[in-house]
Amino acid sequence: MRHEYYGYDREQLLAAPKLPLSCLKDNEAVFRQMAGQMTEEIESHNARGEKTVFICPVGPVGQYPFFVELVNERGISLKDTWFINMDEYLDDDRQWIPMEHPLSFRGFMEREVYARIRPELVMPKEQRIFPDPNNTSYIPQLIEELGGVDIAFGGIGINGHVAFNEADASMSGEEFLAQRTRVLAISPETRAANAIGDFNGALEDMPRYCVTIGIYEIAHARKIRLGCFRSWHRAVVRRAGYGEPTAAFPVSLLQDHPDITLTFTEYVASLED
């Protein structure tokens, strides 16, 4: 069966989606907007003497150079900011891959974000959180102690996953949304898409396991901001905006979130290169 929404042009796509969609010119515009959302939230909370708690991805990553630039130029203190990263790849023993591995999200954040922020501004190391395969209960407990997540940022995988919350058609929506931080096997579709996008197609060397923050933690953030910019995101945003909510395409289960926005580029809105 062919789904009509996959053929929607830009005007049809933006006409009546089930969650708010926003189209910007290009990748830079999407990433600059995300960086601006990050810094504005932090500055607003700092001004009120409040902490800021983000769920952060390593994919997309284009926002981070702009974020680092804004923080350094404006002298924005991150001392009361918590970055809870979404996920990390695991080796076959289900332990973190080394930080030196080219796919390590921990390594990326250390090199490209924390090490580039002025030392007097960057948050303490204990506020730079990654899900731990040996202590999966820590992040849900931490979020509760911190009073919740202000914004969950992220992208969407080819099968609709947010973080590594892989699609599972055998589950009801309620069952799927109850899943918290955990270790799981990465689906063949995700491994293939990530190998193409992030690892020069080296599928045989792609990790087979990951640890991920749960869809529960994402769904309970006060705001959710998602960004899409790849060629196959053309189908993803159309199904996210117009498909039925189902655990077979997890982002669709977030359609009823009270403050969610999915932003994408003109390239994604178009059906032609």
Side-chain angles (χ1 to χ4, degrees), residues 24-47 49-90 96-132 138-139 142-143 146 149-155 162-164 194 197-200 207 210-213 218 221 223-230 263 265:
L24 299 179
K25 179 182 177 182
D26 53 23
N27 288 10
E28 180 176 338
V30 171
F31 296 142
R32 282 190 180 276
Q33 180 192 73
M34 193 176 292
Q37 291 166 338
M38 295 170 73
T39 54
E40 288 166 13
E41 190 82 4
I42 294 167
E43 287 183 309
S44 175
H45 286 204
N46 284 354
E50 299 172 354
K51 67 178 72 70
T52 305
V53 182
F54 291 155
I55 292 175
C56 298
V58 178
V61 297
Q63 68 277 16
Y64 290 119
F66 299 118
F67 172 75
V68 170
E69 181 181 22
L70 288 169
V71 168
N72 287 336
E73 286 185 353
R74 297 183 185 176
I76 302 171
S77 174
L78 305 182
K79 298 301 183 182
D80 287 325
T81 298
W82 275 255
F83 275 16
I84 302 175
N85 270 88
M86 283 184 157
D87 40 30
E88 177 60 294
Y89 285 113
L90 303 180
W96 281 333
I97 60 173
M99 288 184 69
E100 298 74 25
H101 192 292
L103 290 176
S104 171
F105 299 155
R106 290 154 41 250
F108 173 87
M109 291 298 292
E110 184 59 37
R111 292 188 307 272
E112 303 300 328
V113 182
Y114 304 130
R116 296 178 183 271
I117 294 171
R118 286 161 43 192
E120 69 272 21
L121 300 175
V122 73
M123 71 280 282
K125 288 187 177 182
E126 57 268 24
Q127 292 168 210
R128 314 171 196 175
I129 313 297
F130 271 87
D132 183 345
Y138 176 67
I139 283 179
L142 176 65
I143 288 173
L146 293 174
V149 173
D150 295 298
I151 307 179
F153 294 97
V162 183
F164 271 122
N194 289 3
D198 304 323
F199 211 35
N200 299 318
C210 66
V211 59
T212 185
I213 199 168
I218 295 168
K223 303 176 188 177
I224 301 175
R225 299 291 182 263
L226 305 174
C228 289
F229 50 90
R230 299 184 188 274
T263 302
T265 63

Check: Is there a donor-acceptor pair closer than 3.5 Å between any side-chain N or O of Lys79 and the backbone N or O of Leu121?
Finding: no
Notebook entry, point to check: Under the side-chain hydrogen bond (donor to acceptor under 3.5 Å, both in side chains) test, which residues partner Asn194, sequence neighbours left out?
Noted result: Tyr89
Checklist line | Phe153: which of Gln63, Lys223, Arg225, Met86 passes side chain to side chain contact (heavy atoms under 4.5 Å, CB included) | finding: Arg225
Check: Is there a donor-acceptor contact under 3.5 Å from the side chain of Glu88 to the main chain of Val211?
Finding: no
Check: Excluding sequence neighbours, so at least two apart, what forms side-chain hydrogen bond (donor to acceptor under 3.5 Å, both in side chains) with Glu120?
Finding: Arg118
Checklist line | With sequence neighbours excluded, residues passing side-chain hydrogen bond (donor to acceptor under 3.5 Å, both in side chains) with Thr39 | finding: none
Check: Under 30°, 30 to 60°, or over 60°: which ring-plane class applies to Phe67 and Phe83, parallel, tilted or perpendicular?
Finding: tilted
Check: Short question: side chain of Arg106, backbone of Ile97 - any donor-acceptor pair under 3.5 Å?
Finding: yes
Checklist line | Check ion pair Arg116-Glu112 (N to O, under 4.0 angstrom) | finding: yes
Next item on the list: Could I get the full list of salt bridge (Lys or Arg N to Asp or Glu O under 4.0 Å) partners for Glu69, not counting sequence neighbours?
Entry: none
Checklist line | Residue pair Arg128 / Met109, side-chain heavy-atom distance below 4.5 Å | finding: no
Check: Among all residues two or more places apart in sequence or in another chain, which pass the side-chain hydrogen bond (donor to acceptor under 3.5 Å, both in side chains) test with Asp150?
Finding: Arg222
Note to self: So does Ser77 get a backbone contact from the side chain of Asn46, meaning a donor-acceptor N/O pair under 3.5 Å?
What the structure shows: yes
Checklist line | Exam field: side chain Trp82 to backbone Glu126, donor-acceptor pair closer than 3.5 Å | finding: no
Next item on the list: Could you list the residues that satisfy salt bridge (Lys or Arg N to Asp or Glu O under 4.0 Å) with Asp26, not counting sequence neighbours?
Entry: none
